[in-house]
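One structure is given below, encoded as structure tokens.
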Amino acid sequence: MMQGREPPPVITIDGPGGAGKGSIGRVLARRLGWHFLDSGALYRLLALAALEQGLDLEDEAALASLAGRMPVSFPAGSDTSILYRGEDVSGRIRSEAVGAAASRVAALPGVRQALLDRQRAFRRPPGLVADGRDMGTVVFPDAQVKLFVTASAEERARRRVAQLRAQGQAADFTTVLADIRARDERDRGRAVAPLRPAPDAVVLDTSDWDLAESIAQAEAVVRRG
């Protein structure tokens with residue numbers, strides 16, 4: 001980037017899994033005509049690659065090395081697909097097992113540092129909507145608008161169960177709820193970039209909203225700037 005030129009604008013959307021931030025972010029990016037970053041996809045891809053290679057999910061050095069060199073790309077014209085070694089793994093990274101593993105590897109400082117530059121490289125004209133856990137606090141602290149989207153653990157579990165069943169997968173509410181609570185605890189308790197709103201973020205609780213209302217509330221914040 002040329003010296004003296006203003007960097008492209010960024011809207012960050014942080015929050016726990018299942019609160020709706022990804023769906024909100026994709027719609028905002030599409031309506032604005034901006035790029036979209038699903039940072040969680042990078043951690044999920046790392047978890048998938050680690051599981052396939054039989055790596056210890058506590059081996060920080062090995063995971064950080066893999067994060068820095070894993071062959072990942074995002075197809076032109078798509079902000080939701082992710083390619084690993086040329087294969088579209090968008091569906092595979094969304095499994096419950098990969099999600100649980102991603103939560104574990106994301107708690108490792110070396111892994112987060114290894115993926116930092118990759119995430120920041122998504123900041124391209126005309127702008128970026130970035131969805132994650134630490135987009136507004138660590139990755140893009142200078143973002144023009146910061147949202148923190150949350151919902152109760154029970155509501156997020158209900159949404160996840162409905163999603164899994166719609167995909168033809170068996171899902172038990174109690175099990176899913178316990179998994180969500182465990183992930184929340186890991187995300188909030190990690191030493192580096194814990195899950196929390198940025199001091200200047202607007203917090204939106206979507207527990208009692210459907211997706212359309214959640215998007216409308218987020219758009220209202222963006223319009224206010």
Side-chain angles (χ1 to χ4, degrees), residues 9-44 74-75 77-82 88 90-96 98-100 102-103 122 127-136 140 143-177 179-181 183-184 187-188 195-198 201-225:
V10 178
I11 295 170
T12 59
I13 308 179
D14 290 315
K21 63 185 186 300
S23 299
I24 293 169
R26 289 186 189 92
V27 172
L28 287 179
R30 186 165 60 247
R31 292 180 180 177
L32 291 167
W34 289 10
H35 300 285
F36 176 68
L37 167 61
D38 175 2
S39 66
L42 294 176
Y43 288 98
R44 284 176 173 267
F74 294 83
S78 173
D79 290 312
T80 58
S81 295
I82 183 168
D88 188 342
S90 308
R92 292 169 61 196
I93 65 172
R94 299 299 172 186
S95 73
E96 289 294 284
V98 171
S103 179
F122 280 83
L128 175 68
V129 178
D131 152 31
R133 300 292 200 276
D134 62 347
M135 296 296 99
F140 302 108
Q144 283 72 14
V145 176
K146 299 178 184 179
L147 299 174
F148 188 89
V149 178
T150 189
S152 70
E154 290 78 11
E155 176 59 24
R156 288 184 283 132
R158 280 191 286 271
R159 294 173 185 175
R160 182 58 176 161
V161 167
Q163 181 185 46
L164 290 170
R165 289 177 177 170
Q167 296 170 353
Q169 301 181 46
D172 174 70
F173 176 81
T174 302
T175 302
V176 172
L177 177 60
D179 182 55
I180 284 175
R181 285 174 170 164
R183 293 188 201 184
D184 286 352
D187 287 344
R188 287 193 296 260
L195 175 64
R196 59 178 175 80
V202 176
V203 177
L204 299 178
D205 189 328
T206 69
S207 298
D208 298 321
W209 299 339
D210 61 16
L211 180 57
E213 178 64 13
S214 299
I215 292 169
Q217 293 289 343
E219 278 193 303
V221 175
V222 171
R223 284 196 299 269
R224 293 197 299 267

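Minimum heavy-atom separation, Val161 to Phe173: CG2-CA, 3.8 Å. Taking both residues in full, the closest heavy atoms of Phe122 and Leu128 are given as O-CD1, 3.7 Å, listed atom of the first, atom of the second, then distance. Of all heavy-atom pairs spanning Gly132 and Ser39, the tightest one is CA-OG, 3.2 Å. Between Gly25 and Phe36, the shortest heavy-atom distance links the atoms C-CE1, 3.6 Å. Of all heavy-atom pairs spanning Ala218 and Leu28, the tightest one is CB-CD1, 4.2 Å. Of all non-hydrogen atoms in Gly136 and Ala198, the two that sit nearest each other are O-CB, 4.0 Å.
With salt bridges taken as basic N to acidic carboxylate O contacts below 4.0 Å, one links Glu155 and Arg159. At a threshold of 4.0 Å, the pair Asp38-Arg26 counts as salt-bridged, since one of the basic side-chain nitrogens sits closer than that to a carboxylate oxygen. Comment: Asp184 engages Arg156 in a salt bridge, judged by a side-chain N to carboxylate O separation of less than 4.0 angstrom.
Within the 3.5 Å criterion, the main-chain N or O of Ile82 finds a donor-acceptor partner in the side chain of Ser90. Side chain of Lys21 to backbone of Pro16: a donor-acceptor contact under 3.5 angstrom is found. At distances below 3.5 Å, not a single donor-acceptor pair connects side-chain atoms of Thr206 with backbone N or O atoms of Ala151. Using a distance-only test at 3.5 Å, with no hydrogens or angles considered, no donor-acceptor pair links the side chain of Thr12 to the main chain of Met135. Asp14 places a side-chain N or O within 3.5 Å of a backbone atom of Asp134 that can act as its donor or acceptor partner.
Rounding to the nearest 0.5 angstrom, the gap separating the OG1 atom in Thr150 from the CG atom in Leu195 is 8.0 Å. Within the model, atoms CZ of Phe148 and CZ of Arg196 stand 10.0 Å from one another, a figure rounded to the nearest 0.5 Å. Interatomic distance, CD of Glu154 versus OG of Ser207, reported as 9.0 Å (0.5 Å rounding).
Between Val27 and Leu211, every side-chain heavy-atom pair lies at or beyond the 4.5 Å cut-off. Contact of the Leu164 side chain with the Glu96 side chain is registered, since non-hydrogen atoms from C-beta on lie closer than 4.5 Å. Looking at heavy atoms from C-beta onward, Ile215 lies out of side-chain contact with Trp209 at the 4.5 angstrom threshold. Side-chain contact between Arg133 and Arg188 is absent, with no heavy atoms from C-beta onward closer than 4.5 Å. A 4.5 Å side-chain heavy-atom check between Leu32 and Ile11 finds at least one atom pair inside the cut-off. At a threshold of 4.5 Å between non-hydrogen side-chain atoms, the residues Ile180 and Arg183 do not count as touching.
Sorted by first and then second residue, the pairs that involve residues 214-225 and meet side chain to side chain donor-acceptor pair (under 3.5 Å), not counting sequence neighbours, are Arg31-Glu219, Glu213-Gln217.
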Test side chain to side chain contact (heavy atoms under 4.5 Å, CB included) on Val129 and His35; report intermediate values, then the result. CA-CA 6 Å; Val129 178; His35 300 285; over 6 Å; no

